[in-house]
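Notes for the one structure printed next.
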There are 2 protein chains.
Amino acid sequence: MENETAALTGGAGDEPALTRIRALPSWQLNRASARGRRLVSEALAREGVRMSHHAVLSAVSDLGPVAQAELGRTTGFDPKDMVGILNDLQAAGLVTRAPDPLDRRKNAISLTDEGGRRLARLAELGDEANEELLGALTPGERERFLELLRKVAEG
Amino acid sequence: MENETAALTGGAGDEPALTRIRALPSWQLNRASARGRRLVSEALAREGVRMSHHAVLSAVSDLGPVAQAELGRTTGFDPKDMVGILNDLQAAGLVTRAPDPLDRRKNAISLTDEGGRRLARLAELGDEANEELLGALTPGERERFLELLRKVAEG
DNA sequence: AGATGTCGTTGGTGGTCCCAACGGTATCTG
DNA sequence: CAGATACCGTTGGGACCACCAACGACATCT
C-alpha cells in the first residue's frame, strides 16, 4: 500500500511534479502540436513559404479577388501580420494587390497563375507532412483521433 | 456523381483550399494546443507565473539542489531563457540561487518553502484548466485521446 | 455636412524557440 | 605541472507567432 496522505502536494500523492506536469493533456498537446508545426513548416520551407503564407494563399484561392480585412477575418490573422504576409506573397509573384475601384479603401487581392501552381504543391507537401505526423496511427485510430481532437479544439 | 478529375488541385478534387487546410491534423492540433495553452496560462497567471515558471519550479522540486544546466537539460529550456525564468522565480522568493562550493561554475537552485506552497497551488490550477480543456470528452474518450495523443507527440 | 466606422498601414509588446560568443572554472592529458 | 578541452552561467541576437493601439484615407449613415 502506498502512502496517500501527502498533504503538501495537494492530493497528487508522491508523484514527482515533473512527471505530473508532463502527463497533462495540455503538455502532450503542446508536444504534438510542436511536432506537427515542425514537420509542416519544414515541408513548406522547401517551397520557400511559411504556414501563414499557405493559409492566406488558400483563402485567396477560395475567395477570389478579396479585401485584406476580409482575408484577416477569414483566416484569423491580425491585420498587422496580414500586411507582411501579403507583402511576401506579392513579392514572390503569387498574388496581386490592386486598388478596388468600387471602394478605394480596399486592396483587391487575387491569385496569380504561379500562385495557383504553388498552392497545389503546398497542399501536397502539407498532406505529406501530416501523413508523417500521424504515421504511428492506424487508419482507424486516425479517424478516432481527429474526431476527439476536434471536440477538444472547439471546446 | 461529383467531378473527380480536377487535375490542377492535385487529387483533392473540388474541395476549397481553406476547408482542406483546416481539416489537417496539424491545423486541429494547433487549435487544440492553443486553446490548452490559453486555458492553462490564464489559470497560472492568477498566481503570477507562466507555464515555463511552473515547469522549472516542478523540476527544482523534484531534483532538489540542482545546477541550471541540469535543469535546462531536464526541462528542455534554452540556457538563455533559463536565466530569465530563474531570475523571476528568485525575485518572487520561490527558489534560491547559491554558488555550489563543490563546483564554482554551478549555481545550486533550491526550492524555498514558499516555492513549495506555490507549486502545490499551481498544480491544482493546471489540473483545473486541463479538466476544462477536456470538458467535452467522456472519461473513456479522455483516456483514448491521451493514448493516441502520446503516440502522435512521440512520433 | 457631420458623425461613425472600416480600410490598410505602422509601431510596439510579450512569449517561445534557437544559435553564437564570452569570461570563469573544472577536468583530462601529456 | 602546463596546456588542451569541455562545461558553467550569462549576454546578445534572431525568427516566428499572437495581440493591441493609433493613424490617415476613405465610405457610409443620418
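Each chain gets a letter, A, B and so on, in the order the sequences are listed, and its residues count up from 1.
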Item to complete: Could you tell me the separation between the NZ atom of B/Lys106 and the C1' atom of D/dT10, rounded to a whole number of Å?
Response: 17 Å
Discussion item. Whole angstroms only, please: what is the CD-C1' distance between B/Gln68 and C/dT25?
Written reply: 15 Å
Item to complete: For B/Asp78 and D/dT11, give me the distance from atom CG to atom C1', rounded to whole Å.
Response: 12 Å
Worksheet item: Under 4.0 Å between a Lys/Arg side-chain N and an Asp/Glu carboxylate O for A/Glu128 and A/Arg121?
Response: no
Worksheet item: Of the nucleotides C/dA26, C/dT16, D/dC17, which one has an atom closest to the side chain of A/Met51?
Response: D/dC17
Discussion item. Without decimals, in angstroms, what is the distance between B/Met82 CE and D/dC7 P?
Written reply: 18 Å
Worksheet, complete the sentence: Residue pair A/Gly76/B/Leu86 against DNA chain D: nearer the 5' end by closest nucleotide is B/Leu86
Worksheet entry | B/Ser52 side-chain N/O to C/dT16 phosphate OP1/OP2 under 4.0 Å | yes
Fill in: Beyond-backbone contact of B/Asn30 with A/Arg37, side-chain heavy atoms, under 4.5 angstrom
yes
Discussion item. What is the distance, to the nearest angstrom, from the CZ atom on B/Arg105 to the P atom on D/dA6?
Written reply: 13 Å
Discussion item. Tell me whether the side-chain N or O atoms of A/Lys80 pair up with the base of C/dG8 as donor and acceptor below 3.5 Å, since no angle test is needed here.
Written reply: no
Worksheet item: Can you find a side chain N or O atom of B/Arg50 that sits less than 4.0 Å from OP1 or OP2 on C/dG15?
Response: yes
Worksheet item: B/Lys106 and B/Glu70: salt bridge (Lys or Arg N to Asp or Glu O under 4.0 Å), yes or no, with the steps?
Response: CA-CA 10 Å; B/Lys106 300 183 182 178; B/Glu70 177 61 21; over 6 Å; no
Practice prompt. In whole angstrom, give the distance that lies between atom CZ of B/Arg37 and atom P of D/dC19.
Written response: 10 Å
Practice prompt. State which of D/dC20, D/dA27, C/dT9 makes the closest approach to the side chain of A/Asp103.
Written response: D/dA27
Discussion item. For B/Arg150 and A/Gln28, which I'm curious about, is there any donor-acceptor pair between the side chains at under 3.5 Å?
Written reply: no
Worksheet item: Looking at D/dC8, C/dT9, C/dC17, which one has an atom nearest to any side-chain atom of A/Val83?
Response: C/dT9
Item to complete: State whether the number of non-hydrogen atoms from other residues, nucleotides or ligands found under 6.0 Å of A/Glu143 atom CD is greater than 12.
Response: no
Item to complete: Could you state the atom-to-atom distance from CD of B/Glu42 to C1' of C/dG15 in whole Å?
Response: 14 Å
Practice prompt. Report yes if at least one side-chain N or O of A/Arg97 is closer than 4.0 Å to OP1 or OP2 of C/dT9; otherwise report no.
Written response: yes
Worksheet entry | Pair of N/O donor and acceptor under 3.5 Å linking D/dC17 base with A/Asp81 side chain | no
Worksheet item: Taking only N and O in the side chain of B/Asn107, is any of them less than 4.0 Å away from OP1 or OP2 of D/dT10?
Response: yes
Worksheet entry | A/Arg73 side chain near C/dC7 phosphate (N/O to OP1/OP2, under 4.0 Å) | yes
Item to complete: Scan B/Ala34 against the nucleic acid and name what it touches under 4.0 Å (heavy atoms): base, sugar-phosphate only, or nothing.
Response: nothing
Discussion item. Output the rounded distance in Å from CD1 (A/Ile109) to P (C/dG8).
Written reply: 7 Å
